[in-house]
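Remarks on the structure that follows.
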Amino acid sequence: MTMKIDGGAYASNLRQQLAVDVAQLKEKTGKAPGLTVILVGEDPASQVYVRKKGEQAKEVGIVSTEHKLPEDTTQETLLALVEEMNNDDSVHGILVQLPLPKQIDEKTVLTAILPEKDVDGFHPVNVGRLSIGDESLLPCTPHGSVHLIKHALGDDLTGLNAVVVGRSNIVGKPMAALLLQESCTVTIVHSRTKNIEEICSKADILVAAVGRPEMINADWVKEGACVIDVGINRIQRDGKNKLVGDVDYASAFEKAGSITPVPGGVGPMTIAMLLVNTMTAFKRLENA
Ligand code: GUN
């Protein structure tokens with residue numbers, strides 16, 4: 001029987017646990033963890049994400065503030081706001097929603113965030129710490145994906161053959177680093193890879209993060225594999241808007257041992273891990 005990995009339920013459990021932890025820490029320190037989310041421009045998908053992040057933070061007792069800046073904001077203005085948040089003791093986590101408008105250099109902004117408050121785990125210092133296996137704030141989507149893999153396969157992933165499809169800085173590369181830390185044998189495949197389907201079909205753990213709707217079907221999946229679908233693609237089908245992953249779910253389900261749906265798989269975990277990171281940052285900054 002194939003296991004459908006219910007990311008929504010897993011994330012909901014995590015949030016319940018977090019709410020208890022937050023309440024205990026508030027009692028102990030007299031302070032609440034604070035998260036600030038900065039959104040530049042009007043991207044509709046980003047607006048939805050930012051709203052959800054704020055709602056779920058409040059639900060677990062994290063104080064969440066939003067800064068919405070217009071599309072034509074200069075880099076200087078954004079950097080000044082990041083600096084203000086860096087220096088604000090009530091803010092323990094800073095997230096600048098991506099993508100940013102074209103007049104702003106993403107790397108410059110991400111590097112300006114204090115690494116200790118970088119709850120996205122995108123600052124080069126945190127990327128480096130992950131790479132050498134040091135304690136750091138981990139990127140939310142890959143970290144959430146590892147939780148779901150362990151939920152399906154158990155805590156020990158040693159020696160498993162893991163293939164990550166996609167080499168982005170946000171998902172593919174950190175995902176590979178985390179699976180390597182779990183002692184998996186890791187391969188990253190991408191648009192220039194030869195025999196991509198054959199390599200994927202040997203994976204015990206197959207992680208799809210390419211942003212191409214339903215690219216991966218049963219032929220790519222090893223019998224009994226754990227399939228993690230990070231893709232969120234909006235498509236039109238039968239005249240309706242639909243959300244699909246990078247995996248053709250119905251087809252892959254027939255071969256997989258466990259598989260995440262879209263929606264309701266990795267998506268809910270991303271925000272849950274952001275809240276976990278905010279708590280981690282709070283504990284470290286407040287020595288709690
Ligand atoms: N845009 C899409 N995913 C993410 C994410 O995980 N963090 C931020 N900051 N922006 C995003």
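In this chain, numbering begins with 1 at the start of the sequence shown.
A salt bridge does not link Lys28 with Glu286: none of the charged nitrogens is closer than 4.0 Å to a carboxylate oxygen. Look at Arg15 and Glu59 and you find a salt bridge, because one of the NZ, NE, NH1 or NH2 atoms lies within 4.0 Å of a carboxylate O, short of that distance. Ion pairing between Glu182 and Lys150 holds under the 4.0 Å rule for side-chain N and carboxylate O.
Here the shortest heavy-atom pairing between Pro139 and Ile170 reads CB-O, 4.2 Å. Of all heavy-atom pairs between Pro33 and Thr278, the closest is CB-CG2, 4.4 Å. Residue His123 comes nearest to Thr111 through the heavy atom pair NE2-O, 3.0 Å, listed as atom of the first residue, atom of the second, then distance. Scanning all heavy atoms of the two residues, the minimum distance from Pro261 to Lys4 falls at CG-CE, 3.7 Å. Across all non-hydrogen atoms, the minimal contact from Gly231 to Asp229 is N-OD1, 3.1 Å. Here the shortest heavy-atom pairing between Ala112 and Asn86 reads O-ND2, 2.9 Å.
Side-chain contact between Ile104 and Val109 is present, with at least one heavy-atom pair separated by less than 4.5 Å. Considering only heavy atoms from C-beta on, Met279 comes within 4.5 Å of Leu18 through its side chain. For the pair Ile228/Leu206, no side-chain contact is recorded, criterion being any heavy-atom separation below 4.5 Å from C-beta on. Side chains of Ser46 and Gln97 form a contact here, defined as non-hydrogen atoms less than 4.5 Å apart. In this structure, the side chains of Thr65 and Val37 stay at 4.5 Å or more apart for every pair of heavy atoms.
Judged by distance alone, the side chain of Thr280 and the main-chain N or O of Val276 form a donor-acceptor pair under 3.5 Å. Of the possible polar contacts, one joining the Asp246 side chain to the Val210 backbone as a donor-acceptor pair under 3.5 Å is found. Between the Asp6 side chain and the Gly8 main chain, a donor and an acceptor come within less than 3.5 Å of each other. With hydrogens and angles ignored, the 3.5 Å screen pairs no side-chain donor or acceptor of Ser64 with any backbone N or O of Lys58. Here the side chain of Glu116 pairs no donor or acceptor atom with the backbone of Arg284 at under 3.5 angstrom. Checked by atom type and distance alone, the side chain of Asn233 pairs as donor or acceptor with a backbone atom of Val244 at under 3.5 Å.
To the nearest 0.5 Å, atom CD of residue Glu197 and atom NZ of residue Lys202 are 10.5 Å apart. Note that CD of Glu135 and CG of Leu130 are 12.5 Å apart. Values are rounded to the nearest 0.5 Å. Between Asp88 atom CG and Thr36 atom OG1 the span is 8.0 Å, to the nearest 0.5 Å. The structure places CZ of Arg129 at 11.5 Å from CG of Leu138, a figure rounded to the nearest 0.5 Å. Separating the NZ atom in Lys53 from the CD1 atom in Ile271 is a distance of 6.5 Å, to the nearest 0.5 Å. Here Ile216 contributes atom CD1 and Ile196 contributes atom CD1; the two are 7.0 Å apart, rounded to the nearest 0.5 Å.
With 3.5 Å as the limit, one finds no donor-acceptor pair spanning the side chains of Asp134 and Ser136. Side-chain N/O atoms of Tyr10 and His147 include a donor and acceptor closer than 3.5 Å. Between the side chains of Asp105 and Gln75, not a single donor N or O lies within less than 3.5 Å of an accepting N or O.
With hydrophobic clusters built from ILVMFWY side chains whose heavy atoms lie under 4.5 angstrom apart, Met175 shares a cluster with Val230. No continuous path of hydrophobic side-chain contacts links Met85 to Leu285 [ILVMFWY only; heavy atoms under 4.5 Å].
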Set out, in order, the CA-CA distance, both residues' side-chain angles and the distance that settles side-chain hydrogen bond (donor to acceptor under 3.5 Å, both in side chains) for Lys68 and Gln47, then state yes or no. CA-CA 10 Å; Lys68 292 188 174 159; Gln47 285 176 331; over 6 Å; no
Between Leu35 and Leu274, is a side chain to side chain contact (heavy atoms under 4.5 Å, CB included) present by the stated rule, with each step listed? CA-CA 9 Å; Leu35 169 68; Leu274 171 70; 4.1 Å; yes
Intermediate values then yes/no, side-chain hydrogen bond (donor to acceptor under 3.5 Å, both in side chains), Asp118 and Asn126: CA-CA 8 Å; Asp118 168 38; Asn126 285 324; 2.8 Å; yes
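Annotation for Asp89: atom CG does not count as buried by contact number, only 12 or fewer foreign heavy atoms lying within 6.0 Å. A 6.0 Å sphere centred on CD of Gln236 holds more than 12 heavy atoms belonging to other residues, nucleotides or ligands.
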